Each structure stands twice: as C-alpha cells, then as structure tokens.
Amino acid sequence: MASFELLLLPGDGIGPEVMAQVERLVQWANETGEAEIATASDLVGGAAYDEHGEAVSDATMEKAIKADAVMLGAVGGPKWDGVPYDKRPEAGLLRLRKDLELFANLRPAICYPALADASSLKRELVDGLDIMIVRELTGGVYFGEPKEITDLGNGQKRAVDTQVYETYEIERIARVAFELAKKRGNLVHSAEKRNVMKTGVLWHEVVTQIHKDEFSDVQLQHILADNCAMQLIRYPKQFDVIVTDNLFGDVLSDEASMATGSLGMLPSASLGAEDENGRRKALYEPVHGSAPDIAGRDIANPIATIASFAMCLRYSFDLGGLADRIEGAIAKVLDQGYRTADIMQDGKHEVGTTQMGDAILAALKG
Ligand code: NAD
C-alpha cells in the first residue's frame, strides 16, 4: 500500500480541538491497515507568531511543500488583533495558499438527510444534496491590475477592479473540474457571463476546447452565472460539479453552502498544479474560523474538519473507499441523533467535540 505524509497545522482557537479528532482517525486507519499515513504537526497562525514571530515559519513552509498534503484547523483570534499586518495569523494561511500555488478551491455542499431541516430550503430540495463547487482562486477580479481608487478632484472618485484571465488559468481549473466529475457524477456546469464579459467569452471557449480535447466522456453544460445562482435555489440537485471564476465562485459557494445548514459542517480543499509524478499540492481545511467564542470548551463541531480529511483521502491519497466510509460514518452518527451544540435540535443527543469523535470512530468500527 502506498504511504503518505500528512502535515497537520491545527492553528488557533478551536483548531487544535477539531484537529485532534482527525488525528484519532489517522491512528485508527493506520492501526487497522486501512491506510499508511505518517503525520507531523506544526504551528500556524497566532500560535506560530507567539513562537517564531511569524504566522508561518520558513521551516514549516518547507515541510508543507514536501508533504503529500496539508491539513489546517483554523487561524486567528482577538489575542493577535494588535500584531503587525504582515504577521497577523491570516498571513500564515495566505502564504500557504500562495507558496503552494493553490489555484483551485473545492467547496462541496453536502446535505446529510438528518440535517435537511436545518437548511433554509425545503427538505425535498436538499435531502441528499451533493454538489462540488470548483472556484478559481488565484486570478480574476480580486488580483487583476489596475486596482485603484482615483480622486477625480471634483468631489468624485473613480474605483477600478480589473477582471483578467489567461488561457492557462482557465485550462488548469477546467481540468480539475473534469477530473473531479469523473470521480463523482460525471457532469460539469461551467458558469460565466459570456453575454456581457470578455473573460466570460474566453472562459467559455477554453472550457469547451479542454472538454473536446481531453474530457469528452464527461458531460459539460454551460450556464450563465446569474442563472446558476437562481438554479442553485430552485433545484440544486441538478448540479454535480460547478466550475467558475474567483468572484462568481466566492458568491456561488457561499450560496450553495447555506443549503447544508451549518458552518461547522463545511469542508474545503485547495489544490495546486500537478508535478511530474501527477501529484498535486493540496491544503484541506474546514470553512469555519477559529471560533474564539467557544474555544477550549470541547464543544466545537469537528465534522467540517473530519470531512476535510475525507476529501484529503479521496483527492490526495486516492483512498476514495475510505473517504466514503468516513462520510458514511458522519451520516450514521447524525442519523443516530448525535449533535454538537451548533446543530442541536429538539429530541437529539447533545455531545461535545471529543464525544462526536468517539461516535464517528465507533460508527467506523461498527
Ligand atoms: P468563525 O467561523 O470562527 O465563527 C463564526 C461563528 O460560528 C461563531 O459563533 C463560532 O462559535 C461558530 N462556529 C464556527 N465554527 C464552528 C464549529 N466547528 N462548531 C461550532 N460552532 C462553530 O468566524 P469569526 O467569528 O468571524 O472569526 C473568528 C476568527 O477566525 C477571526 O480571527 C477570523 O479572522 C478567523 N477566521 C479564520 C478562518 C480560517 O482559518 N480559514 C476563516 C474565517 C475566520
């Protein structure tokens, strides 16, 4: 069996508490021979600043670059509000994303049937929902130049952001989406605004070409981003993988995530380019932050982080079967009525972080 190196960066606040549950899963997988994963832990965010005066040290970056995958808990908290801007906890996360060149952000929106009533949409629309939004993360209007506000001198100002995409940026994100679709429902929706934006015209053209040349066995549909936003509310189960640019992806992934109910349930992955061995750099993390309001109390929901680990198994370690089992165990404990405080419902059984980890491990063993 192939062995893998996983770097754990628990970070701040609830990060170490939720990451501890992943460590237990890794230990279980190693002991039962389900996987061979060597872990190392290091500091990031405020914890790294306290130790090294930097939100992520060069030595940690080296480990992150060498590892087969990186898992991050969360960074930040009021303790570090006053530190210099370039050393703030979030700078550690941004450096990881930048130095690992993570251009593809994967945000699944999965609705476990047991939590369907927590969604803002009707149960029948979201029960069993499983969408993957693939957002381009390093280009587009958030980074394009010029990006400025000019004082026009007459009491008016002019603000400019620039939406820019080059062919290679669209090609590589399209490939990620098509590859993912092959491991899922084999359907990609490509969302842009080619009716009003030149970047949309190029996006459409490049995605069409990549599909024709490399992925004609995957079903491709083009959709205008505004229609996509509407369809996500109207009938979200029509989607499998949605690939889109940085700005539309930011909005559409937040919209889709609400179908699933709670922040404590949402995993994510960010992927980089393939190396010569076909391996991608990758960072897996829950969507939520460090939740300083509940840190240190063993009440945080570890499911987003555990589900991020399942994504790591599937996309970095090619252990899709084990990932399915972990996701199945999450669904099972929710069916059994276990709930952390953030997803608590009448008549259910409230548990803390460690107890939720216990329940998921028991479901895996059972
Ligand atoms: P947050 O996501 O930390 O918390 C928002 C709310 O959701 C809080 O009430 C929190 O208790 C709750 N919550 C979050 N995760 C939960 C979980 N797993 N279980 C139960 N409840 C959970 O966002 P915030 O309060 O805006 O930010 C707190 C800190 O986290 C800030 O310093 C912020 O900069 C940082 N942050 C970090 C990341 C990251 O590391 N990727 C992301 C967002 C925010």
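Fair warning: this is a prediction, and the values are worked out from it, not measured in the lab. As the structure lists them, so they are numbered: ligands from 1, and atoms in each ligand from 1.
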- Message: Checking the N or O distance criterion of under 3.5 Å, is ligand 1 in contact with Ala291?
- Response: yes

- Task: Using distance alone, decide if ligand 1 has a nitrogen or oxygen within less than 3.5 Å of any nitrogen or oxygen in Val75.
- Result: yes

- Note on the structure: A student checking ligand 1 against Glu285 at a 4.0 Å heavy-atom cut-off should list atoms 41 (N)

- Item | Test item: Glu31 side-chain N/O and Trp28 main-chain N/O as donor-acceptor pair under 3.5 Å | no

- Query: Does Ile14 approach ligand 1 within less than 4.0 angstrom via side chain, backbone, both or neither, non-hydrogen atoms only?
  - Reply: side chain

- Message: Does the residue Pro292 have a heavy-atom contact with ligand 1, meaning some pair of atoms that are separated by less than 4.0 Å?
- Response: yes

- Derivation of the side-chain hydrogen bond (donor to acceptor under 3.5 Å, both in side chains) call for Asp245 and Gln163: CA-CA 10 Å; Asp245 73 15; Gln163 165 90 340; 2.8 Å; yes

- Which one holds for Asp342 and ligand 1: side chain close, backbone close, both close, or neither close, with close meaning a heavy atom under 4.0 Å? side chain

- Between His222 and His204, how do the two ring planes meet: parallel, tilted or perpendicular, split at 30° and 60°? tilted

- Message: Please report whether ligand 1 has a polar contact with Gly289, defined as an N or O pair separated by less than 3.5 Å (distance criterion only).
- Response: yes

- Message: Parallel, tilted or perpendicular, judged at 30° and 60°: which one describes the rings of His189 and Phe239?
- Response: perpendicular

- Task: Could you list the atoms of ligand 1 found under 4.0 angstrom from a heavy atom of Gly76?
- Result: 32 (O)

- Message: If the cut-off is 4.0 Å to any non-hydrogen atom of Gly77, which atoms of ligand 1 fall inside it?
- Response: 32 (O)

- Decide whether Asp12 and Ser290 meet the rule of one side-chain donor and one side-chain acceptor closer than 3.5 Å. no

- Message: Could you go through Asp250 and Tyr142, starting from their C-alpha distance and side-chain angles, then the distance that decides it, and tell me whether this counts as side-chain hydrogen bond (donor to acceptor under 3.5 Å, both in side chains)?
- Response: CA-CA 11 Å; Asp250 195 358; Tyr142 293 166; 2.8 Å; yes

- Query: Using a heavy-atom cut-off of under 4.0 Å, does the side chain or the backbone of Thr305 touch ligand 1, or both, or neither?
  - Reply: neither

- Message: Between Arg88 (side chain only) and Tyr85 (backbone N and O only), is there a donor and an acceptor less than 3.5 Å apart?
- Response: yes

- Near Leu263 (heavy-atom distance under 4.0 Å), the atoms of ligand 1 are 2 (O), 5 (C), 7 (O)

